[in-house]
There are 2 protein chains.
Amino acid sequence: MGRKRTKSGKIRLAEVAELAGVSPITASRFFRNPDALSLAKRTRVESAAKELGYVPNLAARALASHRTEVIGVLIPSLTNNVFSDVLRGIYDASEGSPYSIQLSNTRYSILQEEKLLRLFLAQKPAGLIVTGIDQTAESHAMLEAADCPIVQIMEIGPNPVDMMIGFSHYEAARAAVAHLFGQGHRKIGFVGARMDPRVQRRLDGYQAAMKDAGLFDQRLIVATATPTSVTLGGALFTDLLAKSPDLDAVFCANDDLALGVLFECRRRDIAIPEQIAIMGFNDLEFMASAVPTLTSVRTNRYEMGRTAATMLIDAIEGRRPERLVLDLGFKVMERQSSSLRRSEIRPALSGAATANKMVALPSSRD
Amino acid sequence: MGRKRTKSGKIRLAEVAELAGVSPITASRFFRNPDALSLAKRTRVESAAKELGYVPNLAARALASHRTEVIGVLIPSLTNNVFSDVLRGIYDASEGSPYSIQLSNTRYSILQEEKLLRLFLAQKPAGLIVTGIDQTAESHAMLEAADCPIVQIMEIGPNPVDMMIGFSHYEAARAAVAHLFGQGHRKIGFVGARMDPRVQRRLDGYQAAMKDAGLFDQRLIVATATPTSVTLGGALFTDLLAKSPDLDAVFCANDDLALGVLFECRRRDIAIPEQIAIMGFNDLEFMASAVPTLTSVRTNRYEMGRTAATMLIDAIEGRRPERLVLDLGFKVMERQSSSLRRSEIRPALSGAATANKMVALPSSRD
DNA sequence: GTCGGTGCTGGTAGCGCTGTCAACGTTCCT
DNA sequence: AGGAACGTTGACAGCGCTACCAGCACCGAC
């Protein structure tokens, strides 16, 4: 298998204990609960460990203690840059903690999710982060029975298993449409891809807003299960135009689609926003520097991941947060693509973030 | 910590062995090396395990066997969508294998990388994937001494630690510049951000090509350590224009920058490619659907990750690949942004992929 | 008929760590 | 002064699995 086979300079806890002149169990306690040691022994063990370069054997620890320092994360996709932002937050929050992240990809299948969940749970993870609220009944039961804290991310809904952090995709979509109404648009199309549960709820929000305004028309909707892409945005927009030539705005279920629509408009010499307004979703970085700048709904993906992992770790360590369900809200970022007044770039309509008290974690990129 | 405390239906290997009517060690062998069992016992253990829903305790296995089924992956960034493609390949290849991926982010710091490496190695991983060839001497020594297969990814260079898969960023950049020369461009600028070792080597390739042609000029280069973004692309291009107003092409170190340049040209009413040609790097999906479509250098990121993990797993299991160093090559994708003839979209100049024999793994997106 | 192989199986002995509980010394209370 | 309460420490046992080696049956070869 490998190549070398260094019999290894095995520095075990016993060696550290011996050098420090204490029993192994005392040395063990130093790592688990240093406050339980007298100052003298604590410093002795500490320096002994440092001197020997001791690194604990995680497998032995897990076996003896019946728990692991693993946080399981179940996400539906690795491609989607929405999830890469969330993941970045999760990894950042876990850094410096003893917990390591174990990632699994459900590929948007709740059956696959159930399988992975079973696998995870068998290893007694310290905590679990799962995406969304659409688990199978079986999965839900397993989560309920699990002996560890759990955070559901990406959206909020009824019946949280334990903790929950996200925002309402339904309300975000309604706000997006309301913004377009406010700019005077009426024939607002919807372009969606992948159509996972959260995109579906955005579509629901769009439909509700349109129906409320008496403007709903099935021909204004183009949706496909195909994975999203910029190119697909152009193609779907083309379909939409064929169905509804008198369109005056497009609400895209994500920013890649919006960029595709932008390029397709360029290709067809459609003036934005004069002839057609464009609204995206997620507010990826490029939206603010496109020409024209593209309106979008800002969602706090990095914060979501970061806060989810922080809450989870706190809960693992016995500090359960006061609020188990956090609504991170959203914000309609009005830009040129939707503003008939060609207004300044400025935010509009904020979502009902019940979590305004939260520290605004810096969305720094690494 | 947790919430419930199910004492657990502990199904151990012993239970499986008992039901199957064999000794625990025989049951153990079934999972490690089924061929060593007689057919009768094999089927008995198999059905017993299934009946009881046995899931092995990984911690106990790791403790007893002195090895883990963990593949450590060290990458410099989680933000960069280049790495998300590579990661997707790695995760896809590991699926179905017993190995799980342990990811760590070096944040482009080789000191941090060294620290993480030490941590990983202490847990005796089954294998390791590390990014690039610029490790510290200490890191290199640890890798050489490591008792597991190792793959270096993203680029190829001298002195591989073990296996290596990537392509020459230097040659790719030279090919990019050569393509622009071929289109009649002479005053070719370079725009780079982040300036990690691989971007640096692209810059080196650019410089070499320009010097060879007697066209090198320091004022044609704008580079910053700032993390890359579309917006930054526009800003850097603005700087470049100020330094070299008579520019006729821009080679961007990545596609985000290229998109930023495209938008900035739109803003300034600079015709592409008539006034200025644009060339990106990586060939992200949107490049082919921008207006105009953007020329880029295609790199095989998903394949790189997928092949790296496959090779690693093979090596772990004793099937060391015949070729330890794989050059995956690159391909200049000529599109409208660089073609004064407004030619059809077609590939040009392919890199010296010595690995043409390799199966072209589908770059399917999930 | 004995010998050495081969194929399969089981016993023993831990892997390195921590849970549990007992024991100790000290302090503080009544 | 006696004893409870606390803080600190150590002995012991064992987590669930596998490495190692011995043992057994069976075979063919001499």
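So that the names make sense, note that chain A is the first sequence line, chain B the second, and so on, each numbered from 1.
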- May I ask you to verify if any side-chain N or O of B:Lys41 is less than 4.0 angstrom from the OP1 or OP2 atom of C:dT9? yes
- With respect to the side chain of A:Ala60, which nucleotide from D:dC17, C:dG16, C:dT18 is positioned closest? C:dG16
- Message: Strictly below 4.0 Å: does B:Ser28 bring a side-chain N or O up to OP1 or OP2 of D:dC17?
- Response: no
- Task: Check every atom of D:dC17, C:dT18, C:dT9 against the side chain of B:Ala64 and return the nucleotide holding the closest atom.
- Result: D:dC17
- Message: Judged by each residue's nearest nucleotide on DNA chain C, which is more toward the 5′ side, B:Val22 or A:Ala27?
- Response: B:Val22
- Query: Roughly how many Å is it from CG in B:Leu52 to C1' in D:dG16, rounded to a whole number?
  - Reply: 15 Å
- Message: Does a side-chain N or O of B:Thr26 approach OP1 or OP2 of C:dG10 to a distance below 4.0 Å, or not?
- Response: yes
- Taken to the nearest whole Å, CG/B:Leu63 to P/D:dC17 is 12 Å
- Query: Separation of A:Leu58 atom CG from C:dC17 atom P, in whole Å?
  - Reply: 10 Å
- Task: Provide, to the nearest angstrom, the distance between the CZ atom belonging to A:Phe31 and the C1' atom belonging to C:dG16.
- Result: 13 Å
- With the threshold set at 4.0 Å, does a side-chain nitrogen-carboxylate oxygen contact exist between A:Arg12 and A:Glu15? yes
- Checking only heavy atoms, does the side chain of B:Arg29 share a donor-acceptor pair with the base of C:dG10 at less than 3.5 Å? yes
- Measure from the side chain of A:Ile25, starting at C-beta and using heavy atoms only, and say which of D:dT9, C:dC15, C:dG19 lies closest. C:dG19
- Query: Does B:Thr106 reach the main-chain N or O of B:Gln112 with its side chain, forming a donor-acceptor pair under 3.5 Å?
  - Reply: no
- Flag the pair B:Leu121 / B:Leu128 as yes when at least one side-chain heavy-atom distance between them is below 4.5 Å, and no otherwise. yes
- Task: Nearest whole angstrom, please: distance from the C1' of D:dC17 to the CG of B:Asn33.
- Result: 16 Å
- Note on the structure: note: A:Asn57, atom CG; D:dG16, atom P; distance rounded to Å ~ 17 Å
- Query: Taking atom C1' of C:dC17 as reference, at what distance in whole Å does atom CZ of A:Arg32 sit?
  - Reply: 9 Å
- Ignoring backbone atoms, test whether B:Ser23 places a side-chain nitrogen or oxygen under 4.0 Å from the OP1 or OP2 oxygen of C:dG11. no
- Expressed in angstrom and rounded to an integer, what is the separation of A:Arg67 atom CZ from D:dG16 atom C1'? 17 Å
- With a 4.0 Å cut-off on heavy atoms, is B:Phe30 in touch with a base, just the backbone sugar-phosphate, or nothing at all? nothing
- Task: Report yes if the distance between the aromatic ring centroids of A:Phe31 and A:Tyr54 is under 6.0 Å, otherwise no.
- Result: yes
- Task: Return no unless some side-chain N or O of B:Tyr54 is found under 4.0 Å from OP1 or OP2 of D:dC17.
- Result: yes
- Message: A side-chain contact here means heavy atoms from C-beta on lying under 4.5 Å apart; do A:Leu103 and A:Leu78 qualify?
- Response: yes
- Message: Below the 4.0 Å mark, does C:dG19 have OP1 or OP2 next to a side-chain nitrogen or oxygen of A:Ser65?
- Response: no
